[in-house]
Amino acid sequence: MAHAAPSTFGRHRQSADLTHLSRGAYVRPLLLGLVYGVWAAFMKRQMGPVDAGNVFYGILCGVLFAGIMFALARIGPRLKREVHAAAYGAFGGIAVGYLHSLTNQSVLKAVVVGLAVAFGVGAIAFYRYYTHED
């Protein structure tokens, strides 16, 4: 009497379906982009009156920030953990360094702040990806 082969019912491996994204995949970049845009517009304003140029500048900065963050969230998991962490570190360092450059401080100080943030974000991201490896 022949027996049926054991089945793997309920053990289907989930593929990387990129067509369906959770709500968090859209909400996090949008909220952080909104905060970044408001912060950039406030820094660019330099305590002067709010005008249309500041508003459009904030919208532009927020949209760029959210777009890059969304792209990193989509592309990042396909990268090696070192490259993934370095990408987030570079993104964080550039973003904070640019905001610091809007304060009319020296460019060297903005670079130092950006590099410090990049190193910190990269180290934290690497630790997270290294300890949560599948």
Side-chain angles (χ1 to χ4, degrees):
M1 196 166 177
H3 296 307
S7 68
T8 58
F9 182 72
R11 294 184 189 177
H12 296 285
R13 183 176 179 183
Q14 292 182 350
S15 63
D17 185 17
L18 297 178
T19 58
H20 177 70
L21 294 173
S22 67
R23 186 183 317 180
Y26 295 109
V27 171
R28 275 184 230 112
L30 287 176
L31 287 178
L32 289 175
L34 176 69
V35 169
Y36 189 84
V38 168
W39 192 356
F42 178 75
M43 298 300 287
K44 183 74 170 168
R45 183 170 69 97
Q46 297 293 326
M47 300 306 290
V50 176
D51 59 357
N54 290 343
V55 173
F56 288 129
Y57 184 77
I59 291 170
L60 176 67
C61 287
V63 166
L64 287 174
F65 184 91
I68 293 170
M69 188 172 180
F70 182 75
L72 272 176
R74 292 284 302 256
I75 295 170
R78 298 181 204 150
L79 302 172
K80 291 183 179 181
R81 64 179 173 228
E82 295 87 2
V83 178
H84 193 187
Y88 270 106
F91 174 62
I94 290 168
V96 171
Y98 179 70
L99 283 180
H100 192 73
S101 73
L102 292 176
T103 63
N104 289 335
Q105 298 272 334
S106 92
V107 173
L108 184 61
K109 189 172 180 183
V111 169
V112 169
V113 168
L115 285 175
V117 169
F119 179 74
V121 169
I124 291 169
F126 178 75
Y127 176 77
R128 187 208 182 275
Y129 299 139
Y130 186 77
T131 58
H132 291 83
E133 190 174 56
D134 287 335

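Computed from a predicted model, the values in this text were never measured in an experiment.
Scanning both residues, P77 and A73, for their nearest heavy atoms gives CD-O, 3.3 Å. The minimum heavy-atom distance linking G58 with A41 is given by the pair CA-CB, 3.8 Å. The minimum heavy-atom distance linking P29 with A66 is given by the pair O-CB, 3.3 Å.
If you take CG on L102 and NZ on K44, they are separated by 6.5 Å, rounding to the nearest 0.5 Å.
Hydrophobic clustering of Ile, Leu, Val, Met, Phe, Trp and Tyr side chains at less than 4.5 Å, counting indirect connections, unites V55 with V63. Placement of M43 and I59 in two distinct hydrophobic clusters is found when ILVMFWY residues are connected by side-chain heavy-atom separations under 4.5 Å, directly or transitively. Linking ILVMFWY residues whenever their side-chain heavy atoms come closer than 4.5 Å, directly or via other members, leaves L30 and V38 in distinct clusters. Residues L32 and L34 do not share a hydrophobic cluster, clusters being chains of Ile/Leu/Val/Met/Phe/Trp/Tyr side chains in contact below 4.5 Å.
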Stepwise, does the side-chain contact (heavy atoms from CB on, under 4.5 Å) test hold for Y36 with L64? CA-CA 10 Å; Y36 189 84; L64 287 174; over 6 Å; no
Derivation and outcome, side-chain contact (heavy atoms from CB on, under 4.5 Å), residues M69 and L72: CA-CA 5 Å; M69 188 172 180; L72 272 176; 5.7 Å; no
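Side chains of V111 and L115 form a contact here, defined as non-hydrogen atoms less than 4.5 Å apart.
Counting only residues at least two apart or on different chains, no side-chain hydrogen bond (donor to acceptor under 3.5 Å, both in side chains) pair has a member in residues 58-68. Sorted by first and then second residue, the side-chain hydrogen bond (donor to acceptor under 3.5 Å, both in side chains) pairs with a member in residues 79-90 read R81-E133, H84-Y129; sequence neighbours excluded.
In this pair, Y98 and Y57 present their aromatic rings tilted. The plane angle is within the 30 to 60° band. Ring planes of F70 and Y26: parallel class, angle under 30° (limits at 30 and 60°).
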